[in-house]
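Every heavy atom of this structure was used, including side-chain atoms; hydrogens, water molecules and symmetry mates were not. Index from 1, following the sequence. Ligands are counted one by one from 1 in listed order, and the atoms in each one are counted from 1 as well.
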Amino acid sequence: MNAPLIIIGSGFAAYQLVKTLRRKGSDMPIQLFTADNGDEYNKPDLSHVFTKQQGADDLVSMTGKMFAARHQIELYANTRVDEINAQARCIKVNGTSYPYARLVIATGAKTFVPKLSGNAVSEVLTLNSLQEYRSAQQRIADSQHILIMGGGLIGTELAMDLAASGKKIRILDPGAHLMTALMPDFVATALEKQLRSDGVQIECLDYVTAIDRNENNLVVTSHKGMRCEADCVISAAGLVPNTGLAKQAGIEVNRGIVVDQQLKTSIEDIYAIGDCAEIEGKVMSFLQPILLSANTLASTLLSDNAALNIPAMMVKVKTPSYPIQLGGHYDPESSWQVDISEHGVIAKAYDHRQRMTGFVVTQNNLNQAFPLFRELQTVSG
Ligand SMILES: Cc1cc2nc3c(=O)[nH]c(=O)nc-3n(C[C@H](O)[C@H](O)[C@H](O)COP(=O)(O)OP(=O)(O)OC[C@H]3O[C@@H](n4cnc5c(N)ncnc54)[C@H](O)[C@@H]3O)c2cc1C
């Protein structure tokens with residue numbers, strides 16, 4: 001048999017690539033190695049499992065075995081790849097070599113857990129995968145007081161979901177307001193007001209420095225000297241791309257695994273896609289760029305000419321008691337045209353040439369998101 005295409009990972013990026021290759025009619029042999037059990041699930045659903053009272057198994061849309069049979073791939077589940085040997089064109093698993101014709105790295109990212117002191121640091125929970133949720137779900141269900149480190153998109157969505165399911169939540173974030181990377185302060189302030197009225201305590205400009213265990217509880221200490229008790233602590237302090245295998249193989253790595261517009265890494269016949277990849281200097285941990293990347297990479301692997309082009313993106317913030325939709329981009333230099341009414345906010349961001357670059361809409365104005373998105377595409381197109 002000719003050496004197959006080997007894919008490392010079974011997240012959205014890996015499975016989207018497999019689906020796209022098969023949809024395009026390719027019957028190339030594919031071996032897929034994954035550290036988890038290979039079950040297919042929609043990761044964004046982790047943002048509302050608590051209000052929906054869903055366990056990890058409820059999120060599985062297809063078992064790994066079924067996915068493998070349907071898409072004619074050879075699945076190596078619960079199999080962590082230890083090494084890539086680019087000279088010998090093989091990967092290594094538990095001392096066994098598997099040769100590849102081409103190799104795709106789709107290893108995702110892990111949650112950043114800040115350096116902390118204290119005797120209970122190992123108890124910090126993370127929720128960046130179905131497995132992590134599976135191992136944390138009982139502990140979270142048994143907890144009443146939960147502290148979340150990080151008020152970015154994921155931390156904020158989790159806070160609202162957990163609060164709506166009856167938990168007492170406290171978020172600590174070093175930024176001046178929630179979601180500093182995504183949201184202007186005037187929207188964040190309104191969202192924070194809603195979260196506070198849902199019972200969430202929000203401490204900005206502060207962060208956790210130590211976690212200790214006393215007889216019954218965790219005792220959390222912050223940089224500003226705040227001390228509070230919690231039944232569990234969840235880190236949502238950002239993502240770090242899983243680049244270890246690539247680094248060790250000598251592939252160029254910056255924040256993520258550096259790829260070009262064909263998703264090629266710096267080493268011939270090795271590609272990277274998803275949360276582990278860096279495209280044009282950016283790691284984009286969202287489904288839409290991964291979907292577009294999977295299309296381009298499938299074309300690259302089938303020797304069609306394609307180059308990745310990532311247009312303006314829309315992000316729906318899953319905070320149901322204060323729904324928000326964002327589009328395009330903005331930065332501290334942007335000027336804003338803001339309309340605030342009882343229906344919510346409509347805000348448009350402009351660059352120094354007065355060109356619209358992004359927008360934010362909230363609550364009853366969500367129906368304005370698509371018209372604004374089209375306007376944005378016209379301006380940038
Ligand atoms: C709570 C939450 C909510 C989100 N909401 C949204 C949203 O609303 N909209 C949106 O666009 N995006 C959202 N995202 C982001 C989106 O889900 C991710 O960008 C996407 O799922 C990443 O897919 P991936 O395949 O790159 O990585 P992953 O899903 O992390 O998959 C990585 C795979 O690699 C495997 N792996 C890693 N190392 C090895 C190894 N050495 N050997 C073998 N296998 C290995 C893992 O087991 C896993 O199967 C959300 C994320 C979270 C956590």
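- Residue-ligand proximity, Thr79 to ligand 1, at heavy-atom distances under 4.0 Å covers atoms 43 (C).
- Side-chain N/O atoms of Ser299 and Lys24 include a donor and acceptor closer than 3.5 Å.
- Enclosure of atom CD in Gln354 by more than 12 non-hydrogen atoms of other residues, nucleotides or ligands within 6.0 angstrom is indicated.
- The single protein non-hydrogen atom nearest to atom 30 (O) of ligand 1 is Lys43 NZ, 3.1 Å, given as residue, atom name and distance.
- Ranking protein heavy atoms by distance to atom 8 (O) of ligand 1, first place goes to Lys318 NZ, 2.6 Å.
- Checking Ala106, Pro44, Gly108 against atom 50 (C) of ligand 1, the nearest heavy atom belongs to Pro44.
- Grouping Ile, Leu, Val, Met, Phe, Trp and Tyr residues whose side-chain heavy atoms lie under 4.5 Å apart, directly or via other members, places Leu147 in a hydrophobic cluster with Val113, Leu116, Val121, Val124, Met149, Leu172, Val208, Ile211, Leu218, Val220, Met226, Val233.
- Closest to atom 39 (C) of ligand 1, if we only count protein heavy atoms, is Thr107 CG2, 3.8 Å.
- Closest to atom 25 (O) of ligand 1, if we only count protein heavy atoms, is Ala13 N, 2.9 Å.
- Taking only nitrogen or oxygen atoms, main chain and side chain alike, Ser10 reaches within less than 3.5 Å of ligand 1.
- Here the shortest heavy-atom pairing between Ala298 and Leu17 reads N-CD1, 3.7 Å.
- Of the protein's heavy atoms, Val81 N, 2.9 Å lies nearest to atom 42 (N) of ligand 1.
- Residues Tyr330 and Trp336 bring their aromatic ring centres within 6.0 Å.
- Proximity to Ser47 (heavy-atom distance under 4.0 Å) selects the following atoms of ligand 1: 1 (C), 2 (C), 3 (C).
- A donor-acceptor pair under 3.5 Å is absent between the side-chain atoms of Thr79 and the main chain of Ala35, judged by distance alone.
- Atoms of ligand 1 lying under 4.0 Å from any heavy atom of Phe33, numbered from 1 in the order shown and given with element: 43 (C), 44 (N).
- Applying the 6.0 Å contact sphere to CZ of Arg213 captures more than 12 heavy atoms from other residues, nucleotides or ligands.
- With sequence neighbours excluded, no residue forms a ring-ring contact (aromatic ring centres under 6.0 Å, His included) with Tyr41.
- For the 3.5 Å distance criterion, the side chains of Thr51 and Asp161 qualify, holding a donor opposite an acceptor.
- Only the side chain of Ile290 comes within contact range of ligand 1, with a heavy atom under 4.0 Å; no backbone atom does.
- Between Cys276 and ligand 1, no N or O atom pair is found at a separation short of 3.5 Å.
- Remark: ligand 1 atoms within the under-4.0 Å shell around heavy atoms of Ser285 are 15 (C), 19 (O).
- Among protein heavy atoms, atom 35 (C) of ligand 1 sits closest to Gly9 CA, 3.6 Å.
- Inclusion of Thr34 in the set of residues having an N or O under 3.5 Å from an N or O of ligand 1 is warranted.
- Scanning both residues, Arg134 and Asn37, for their nearest heavy atoms gives NH1-ND2, 4.1 Å.
- Ligand-side atoms of ligand 1 in range of Asn128: 53 (C), range being under 4.0 angstrom from any heavy atom.
- In terms of modelled atom types and a separation under 3.5 Å, the side chain of Thr319 and the main chain of Tyr322 share a donor-acceptor contact.
- A donor-acceptor contact closer than 3.5 angstrom is absent between the side chains of Gln144 and Asp231.
- Here is the list of ligand 1 atoms found below 4.0 Å of a heavy atom in Leu287: 10 (C), 11 (O), 12 (N), 16 (C), 17 (O), 20 (C), 21 (O).
- Here the heavy atom of the protein found nearest to atom 18 (C) of ligand 1 is Asp275 OD2, 3.5 Å.
- Protein heavy atom at the shortest distance from atom 44 (N) of ligand 1 is Ala35 N, 3.0 Å.
- Within ligand 1, the atoms closer than 4.0 Å to a non-hydrogen atom of Asp36 are 46 (C), 47 (O), 48 (C), 49 (O), numbered from 1 in the order shown.
- Heavy-atom contacts of Leu245 reach the following atoms of ligand 1: 41 (N) (cutoff under 4.0 Å).
- Ring centroids of Tyr133 and Phe50 are separated by less than 6.0 Å, placing the two rings close together.
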